Amino acid sequence: MALLQLLFLGAIILETSHASFMSTPNQIHLLRPRSGMAGQHVEGINCLSWRLGVETNNVVKWVTIPKQCAGYVGHYMLGQQYRDDSLAVTDVAISYVESLELAGDGKDMWVFDVDETTLSNLPYFAVHGFGSEPYNPTSFNQWVIGGKAPALPASLKLYYKLLSLGVKVAFLTGRTEDQRSATATNLKHVGYYTWHKLILKGSSYSGKTSAFYKSSERGKLVEEGYRIIGNIGDQWSDVLGTNTGNRTFKLPDPMYYIS
């Protein structure tokens with residue numbers, strides 16, 4: 001694992017140039033592991049089958065990934081398959097939005113989650129076991145405040161398409177209000193240069209599930225007259241509940257579970 005982490009961190013290239021509208025600065029760059037299936041069968045568990053259970057929402061309410069699957073999940077997240085899987089989701093989303101007859105009245109809206117949807121925390125998880133270690137709010141907050149998360153390329157592609165079609169963008173994240181400035185700066189730095197709303201979790205939702213919080217905030221958007229034509233996130237709690245939108249799209253994420 002230590003070697004994998006060093007290779008990954010050495011492969012992260014942050015592009016700092018001010019690129020054109022369609023460029024994609026600060027993206028995750030591909031590390032090519034020897035095998036994307038490394039560690040699939042480990043100590044009596046089929047890690048690929050476990051990941052399938054997670055992505056289909058059959059394996060729920062888990063706290064950490066099986067420790068013996070850390071190598072497998074790491075290879076998946078750093079390899080081409082994760083990139084391809086994410087792109088497969090957003091390509092369908094793009095085909096969907098291109099098929100719509102948009103009203104053009106400024107009320108069509110798309111809701112994006114942030115972590116592992118618009119921004120990738122892979123540099124953080126490469127150091128913290130790809131989800132095999134318990135969540136540490138202190139270290140993760142330090143990472144967020146640092147504002148160095150790269151963009152998920154597939155989501156950035158979808159984002160630019162939506163802007164070109166005149167669709168309003170809202171970011172709805174479980175990050176808290178004290179992380180607003182760092183989150184906004186990070187989003188802009190990697191290419192998400194504009195949005196209509198950036199919604200962060202306020203203290204009134206303390207103790208509430210993410211599904212409840214996000215359903216409630218989407219409800220407020222609907223009350224304001226917006227039509228949520230699409231909604232994308234990496235957690236099932238991002239795309240289930242109420243006011244989910246006309247279409248929902250689930251990105252892969254076997255590293256953690258949020259209810």
Side-chain angles (χ1 to χ4, degrees), residues 11-13 15 19-33 36-37 48 51-58 73 75-104 108-122 125 149-173 187 190-196 214 218 226-240 244-256:
I12 292 291
I13 303 170
E15 302 172 8
S20 62
F21 174 80
M22 290 304 291
S23 67
T24 51
N26 293 10
Q27 286 189 5
I28 341 171
H29 286 256
L30 176 63
L31 168 67
R32 296 184 184 275
M37 294 296 102
L48 190 154
R51 179 169 66 85
L52 176 64
V54 166
E55 298 298 0
T56 53
N57 206 30
N58 290 320
V73 172
H75 274 77
Y76 170 72
M77 294 301 298
L78 298 178
Q80 187 65 38
Q81 192 62 53
Y82 171 62
R83 299 285 294 270
D84 289 347
D85 290 349
S86 298
L87 191 60
V89 175
T90 58
D91 279 349
V92 172
I94 289 172
S95 294
Y96 157 69
V97 75
E98 287 179 332
S99 73
L100 299 178
E101 293 186 12
L102 300 174
D108 291 315
M109 177 170 281
W110 195 284
V111 176
F112 283 89
D113 173 50
V114 172
D115 293 300
E116 271 55 68
T117 298
T118 47
L119 298 178
S120 170
N121 298 305
L122 271 177
F125 285 108
L152 187 69
S155 293
L156 200 57
K157 177 183 177 182
L158 172 60
Y159 167 84
Y160 286 138
K161 171 56 69 174
L162 294 169
L163 292 188
S164 73
L165 295 174
V167 177
K168 291 283 197 309
V169 167
F171 295 117
L172 175 56
T173 174
L187 285 167
V190 300
Y192 301 99
Y193 67 93
T194 187
W195 52 81
H196 190 63
K214 294 199 169 187
R218 289 192 301 262
Y226 292 104
R227 294 179 294 272
I228 301 176
I229 61 171
N231 175 17
I232 188 168
D234 67 296
Q235 297 291 312
W236 281 100
S237 55
D238 296 329
V239 297
L240 296 177
T244 54
N246 293 349
R247 281 285 302 269
T248 60
F249 299 88
K250 168 69 171 64
L251 287 165
D253 181 5
M255 296 190 297
Y256 55 85

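Please read these numbers as outputs of a predicted model, since none were measured by experiment.
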Under the side chain to side chain contact (heavy atoms under 4.5 Å, CB included) criterion, do T248 and I232 qualify, and how do the steps go? CA-CA 6 Å; T248 60; I232 188 168; over 6 Å; no
Main chain of [Y], side chain of [X]: is a donor-acceptor contact present, judged purely on distance under 3.5 Å?
X	Y	answer
Y193	L187	no
K214	L172	yes
Y192	Y159	no

Would you compute the distance between atom [atom1] of [X] and atom [atom2] of [Y] and round it to the nearest 0.5 angstrom?
X	Y	atom1	atom2	value
S86	D84	OG	CG	9.0 Å
I228	T244	CD1	OG1	8.0 Å
R51	M255	CZ	CE	12.0 Å
T194	L163	OG1	CG	7.0 Å
L156	K161	CG	NZ	13.5 Å
D115	N121	CG	CG	4.5 Å

State, to 0.1 Å, how close [X] and [Y] come at their nearest heavy-atom pair, and which atoms those are.
X	Y	result
Y76	D85	OH-OD2, 2.7 Å
P254	V73	CG-CG1, 4.0 Å
A149	S120	CB-O, 3.4 Å
L122	Y82	CD1-CE2, 4.3 Å
D253	V54	O-CG1, 4.1 Å
F171	T118	CE2-CG2, 3.5 Å

Side chain to side chain, [X] and [Y], heavy atoms closer than 4.5 Å:
X	Y	value
W195	F112	no
F249	L158	no
L100	I229	yes

For E116 and Y256, which I'm curious about, is there any donor-acceptor pair between the side chains at under 3.5 Å? yes
Between the side chains of Y226 and D108, does any donor sit under 3.5 Å from an acceptor?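 No, no side-chain donor-acceptor contact under 3.5 Å.
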For D91, what residues pass the side-chain hydrogen bond (donor to acceptor under 3.5 Å, both in side chains) criterion, not counting sequence neighbours?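 In terms of side-chain hydrogen bond (donor to acceptor under 3.5 Å, both in side chains), with neighbours along the sequence ignored, D91 is linked to K157.
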Residues in side-chain hydrogen bond (donor to acceptor under 3.5 Å, both in side chains) contact with T117, at least two apart in sequence or another chain: D113, D234
I'd like to check the salt bridge (Lys or Arg N to Asp or Glu O under 4.0 Å) partners of K250; sequence neighbours left out, ordered by chain and number.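 Per chain and number, K250 pairs via salt bridge (Lys or Arg N to Asp or Glu O under 4.0 Å) with E55.
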